[in-house]
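Single-structure report; data block below.
For clarity, every value in this text was computed on a predicted model and none was experimentally measured. Side chains are part of it too, since the values below use all heavy atoms of this structure and drop only hydrogens, waters and symmetry mates.
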Amino acid sequence: MKQIEAVVANINDLNDGEMRQVAVGETEILLTRLDGKFHAVGAHCSHYKAPLAEGVLSGHHVVCPWHNAYFDVTSGDQLEPPGLDSLACYQVRIEGENVIVSVPEKTTGLRSPAMAQFNPDADKRTFVILGAGAAGVHAAETLRVAGYQGRIVMITQDDRLPYDRTKLSKDYFIGETSLEEMPLRSPDFYKEHAIEVLLNKRVEQVQTTAKVITFSDSDAGASGDSLTYDALLVATGGKPLQLDIPGADLQNILTLRSFDDTDRILTLSKQKGQAVVIGSSFIGMETAAGLSQHGLQVTVVSPDSVPFKKTLGEEIGKIFQQVHEENGVSFKFGRKAVQFEGSDKVEAVILDNGDRLKADIVIVGIGVQPATDFLEGIDLHPKDGSVVVDEYLRAADSIYAAGDIARYPDWRTNEPLRVEHWRVAAQQGRIAAHNMAGKAVKFRGLPLFWTMQFKFPLRYIGHAESWDEIIVDGDLQKPEFIAFYVKNNQVLAVATSQKDTETAAISELMRLNQTLTVEELRRGTVDLIQRQPVNNKQ
């Protein structure tokens, strides 16, 4: 392919451990200097195209400023999700004091990672992945990256190929992402890499001792066909909790978990009218924001006193409440729905204090329960039915679990933890796949989730079920801040808004177990970016 080249910098423009975005023609490039050598890779993250130059360079990898994907800047290889592709890697040469980069005439700046070819003669095993969400998708591809040449079967109840579930209540819901942009991979990709994707398959039972999966007959509801496996990854995610109250079977009472859920809600939202959201969870609040932006009058009903109080604390929770109220959303706090009224369709929600809320559509967002009731021969956690795994994400011999259903030991506290976040699921899918392929890789991922409600972005790193104090750096009212959740003088979690580079720096510090001390945070004099092993001064 024809190459285009250009002088992009002088050798004295960058010191060791620095990076900047440059261009060759219309191709944007991330240029770095490490140990006296220059490297050039694609400039944008493979997840949502964030400019990597605004992230943080640490050692040989760059941390994406938006959702903390990691890329090796010497090879372009992706080291941490949530994106799937790696970065393109370009040729660099030095002539005198000029840094010259060559790029193909046509390049996207991305590339698929190198994968092993399917070879049943060399490997007759069958690895099965139940679930095609973040964990399942990343696991399927990572098996090939790890060199596995046997059969891969990914099974999903959905009627479409794997898609970006996070957008269902965010960008897709408000029309900023098209239907065509939702699939994570094309049919040709799965065919090329011999990853079988079985759609519309409902698992009735997994016999772990016999290593047999039995499927439900979709027409008769009885046992259908079966499949044997050599290794199994269970990544079935969660089932939305329902309200068991009178009238719960009326039409237009929905949850938001799947593509079909979102499409039904969007169809109903065209009629405008009144919407009631039950629950102030993240999915409930994101749905409330989306429905309001579609012109509906929205009321959120919650037993809590403020949104996200248990996760983020009262002050930040009140910011979310304020942003929603400024955009027309109403709240009924300290209340529960006790009945739905209507003939065929829901017409009203009755609260426990007798209030009657008119409703043309109701969204129930009160959480999820791990989808694991089909597993036989594995002890499930008595609290929620989750699958208890070890640090390798192994539940039993040849059986692994990842994502919403996995209860794993937190490497920072050694406490059992279950996290319902897309990036954690992706991380665990990759680690489980490496272990299925014969490696011994411990899961040391760091939870991260993000939300955007109206124009209020928030990112959250780590996990804290309780805390002694919250140390805030910045202005909560702008909002532009970093909030550190501290327990026993240890930073367990951090919430940020409009602090992208600092968020990437914090993520890396926490990954390296080098989090700032409480004394430093109280003084408020530490430059988080400068604390990185290799600094980004761009």
Q | Y172 six-ring centre to K167 NZ/CZ under 6.0 Å and within 45° of normal | A | no

Distance-only, no hydrogens or angles: does the [X] side chain make a donor-acceptor pair with backbone N or O of [Y] under 3.5 Å?
X	Y	answer
R423	L448	no
W411	R444	yes
S507	N68	no

Q | Qualifying side-chain hydrogen bond (donor to acceptor under 3.5 Å, both in side chains) pairs, either residue in residues 282-291, two or more places apart | A | S169-E286, K170-E286, E286-T451

Q) Which residue pairs pass the side-chain hydrogen bond (donor to acceptor under 3.5 Å, both in side chains) test with at least one member in residues 127-144, sequence neighbours excluded? A) E141-R185

Are [X] and [Y] ion-paired here, with the side-chain N under 4.0 Å from a carboxylate O?
X	Y	result
D85	R111	no
D188	K191	no
R151	D123	no
D390	R407	no

Please name all residues satisfying side chain to side chain donor-acceptor pair (under 3.5 Å) with [X], sequence neighbours left out, ordered by chain then number.
X	value
H44	E28
Y148	none
Y163	D158

Name every donor-acceptor pair, under 3.5 Å, that has one atom in a side chain of residues 231-242 and the other anywhere in the protein, sequence neighbours excluded.
residue	atom	partner	partner atom	Å
T236	OG1	A371	O	2.6
K239	NZ	D373	OD2	3.3

Q: Tell me, with the steps shown, if V494 and M510 meet side chain to side chain contact (heavy atoms under 4.5 Å, CB included).
A: CA-CA 10 Å; V494 182; M510 294 178 75; 4.0 Å; yes

Q) Does a donor on one side chain sit under 3.5 Å from an acceptor on the other, for R202 and S216? A) no

